[in-house]
Amino acid sequence: MIIAVDGPAGSGKSTIAAAVAKRLEVGHIDTGAMYRALALKVLRSKLPPEDASGVTRLLPGTDISVGDGRVHLDGEPVEGLIRTPEVTAVSSVVAQHQPVRVWMVDRQRKVVHGAPGGAVVEGRDIGTVVLPDADLKVYLTASEEQRAKRRAAERGGSEAEALMEVSSRDARDTAREHSPLRAADDAVVIDTTDLSIDEVVDSVLQAMRERQHP
Ligand code: DC
């Protein structure tokens, strides 16, 4: 059973994907963490993240693996290093380069297809590009204010700063040429603005049951 969870920053993807995976006893794969790990490598290499050829040249010597809360970059556990504002901003810039996306999608499909019993996979292009045959596609949304509020509560800092981060990342992720953020035509769209975590998880599980027994 494969569930794709897409949506913008702060829509609740990580929390919901982790909770649904736990309830279904399957793995949780956070594809954003892979873009973040690459962003960390780009920052360390002092390359401008906009330099598509330079970033692409890093890929053959790069190894990124993810699974159940852990992220490794070239064998180093980096989960504690990839949630900074700097890595966050750079992740959405490196994600614009097509060779990066091709490299990521190939690895993401291998991880998912190797996951016993399936997985809940979160990202921006999972339902549209990575796993178009997913058993269920969920697209989470929430008002920009609510998303900024969640970000600020999670990561610290002011809501005004979080609003700027969320809206500039949304603009880049939605407007990019390759695999922009959008809901797949057959996705179940859930607006999480006024819903609790449990309510969203229940809606996803209900949608899953409806898909299995229409
Ligand atoms: O989900 P996240 O906030 O950790 O993702 C960080 C960035 O990575 C996001 O701004 C865009 C990019 N990303 C992507 O382009 N495609 C994905 N499937 C996941 C993330």
Side-chain angles (χ1 to χ4, degrees), residues 2-18 21 28-43 49-50 52 55-56 59 62 64-67 69-71 73 78-112 119-132 134 137-142 144 147-148 150-155 157 162-184 187 192:
I2 293 177
I3 303 183
V5 181
D6 290 300
S11 57
K13 287 189 311 290
S14 294
T15 309
I16 301 305
H28 165 212
I29 297 164
D30 172 7
T31 63
M34 298 176 72
Y35 289 91
R36 287 171 179 273
L38 179 64
L40 179 65
K41 182 154 180 166
V42 168
L43 279 163
E50 295 79 12
V55 173
T56 302
L59 296 173
T62 299
I64 294 173
S65 61
V66 287
R70 283 188 303 275
V71 190
L73 169 64
V78 293
E79 179 51 38
L81 305 175
I82 59 170
R83 309 281 163 191
T84 64
E86 205 181 10
V87 171
T88 300
V90 169
S91 65
S92 117
V93 177
V94 297
Q96 292 176 309
H97 308 317
Q98 177 68 348
V100 167
R101 302 208 69 84
V102 170
W103 190 90
M104 291 287 179
V105 169
D106 180 53
R107 272 155 189 77
Q108 290 158 6
R109 286 185 181 143
K110 285 193 182 116
V111 182
V112 174
V120 181
V121 189
E122 61 159 294
R124 300 289 187 295
D125 60 341
I126 309 304
T128 52
V129 177
V130 182
L131 302 167
K137 299 176 188 177
V138 176
Y139 188 87
L140 301 180
T141 62
E144 204 169 58
R147 293 189 289 117
R150 288 177 188 159
R151 270 287 122 131
E154 227 173 68
R155 309 260 156 95
L163 187 60
M164 274 185 343
E165 184 243 292
V166 158
S167 74
S168 73
R169 224 146 47 97
D170 279 359
R172 252 197 315 263
D173 294 345
T174 316
R176 72 179 171 223
E177 182 185 353
H178 308 291
S179 319
L181 168 67
R182 69 170 182 83
T192 69

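As the structure lists them, so they are numbered: ligands from 1, and atoms in each ligand from 1.
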Practice item. Provide the number and element of each atom of ligand 1 under 4.0 Å from a heavy atom of D173. Key: 9 (C), 10 (O), 11 (C)
Practice item. Just go through A17, S92, S91 and tell me whose heavy atom is the nearest to atom 6 (C) of ligand 1. Key: S91
Review point. Can you tell me if T192 uses its side chain to pair, donor with acceptor, with the backbone of A142 under 3.5 Å?
Key: no
Point to revise | Sidechain N-carboxylate O distance under 4.0 Å for R83, D30 | key: yes
Check your understanding: Hey, is the main chain of E122 close enough, under 3.5 Å, to the side chain of K13 for a donor-acceptor pair?
Key -> no
Check your understanding: Looking at ligand 1, does Q96 have a heavy atom less than 4.0 Å from it?
Key -> no
Point to revise | Location of contacts on R124 toward ligand 1, heavy atoms closer than 4.0 Å | key: both
Practice item. Looking only at protein heavy atoms, identify the closest one to atom 4 (O) of ligand 1 and say how far it is in Å. Key: R36 NE, 2.6 Å
Check your understanding: Can you find an N/O atom of R169 closer than 3.5 Å to an N/O atom of ligand 1?
Key -> yes
Check your understanding: When you measure from the side chain of D173 to the backbone N and O of L181, does any donor-acceptor pair fall under 3.5 Å?
Key -> no
Check your understanding: Do you know the tightest heavy-atom contact between R150 and G10?
Key -> NH1-O, 3.1 Å
Point to revise | Part of A95 within contact of ligand 1 (heavy atoms, under 4.0 Å) | key: side chain
Practice item. Name the closest protein heavy atom to atom 19 (C) of ligand 1, giving the residue it belongs to and the distance to 0.1 Å. Key: T31 OG1, 3.4 Å
Exercise for review: Verify, without hydrogens or angle tests, whether R36 (side chain) and I82 (backbone) share a donor-acceptor contact under 3.5 angstrom.
Suggested key: yes
Point to revise | R109, CZ atom: more than 12 neighbouring heavy atoms under 6.0 Å | key: yes
**Study point:** Residue, atom name and distance, where the atom is the protein heavy atom closest to atom 13 (N) of ligand 1
**Key:** Y35 CD1, 3.6 Å
Point to revise | Nearest non-hydrogen protein atom, atom 18 (N) of ligand 1 | key: D125 OD1, 2.8 Å
Check your understanding: When you measure from the side chain of D6 to the backbone N and O of D125, does any donor-acceptor pair fall under 3.5 Å?
Key -> yes
Review point. Is the closest N or O pair between D30 and ligand 1 shorter than 3.5 Å?
Key: no
Check your understanding: ligand 1 versus M104, non-hydrogen atoms closer than 4.0 Å: side chain, backbone, both, neither?
Key -> neither
Check your understanding: Where on E165 is there a heavy atom closer than 4.0 Å to ligand 1, on the side chain, on the backbone, on both, or on neither?
Key -> neither
Review point. Distance-only, no hydrogens or angles: does the R172 side chain make a donor-acceptor pair with backbone N or O of S168 under 3.5 Å?
Key: no
Point to revise | R101 contact mode with ligand 1 (heavy-atom cut-off under 4.0 Å) | key: side chain
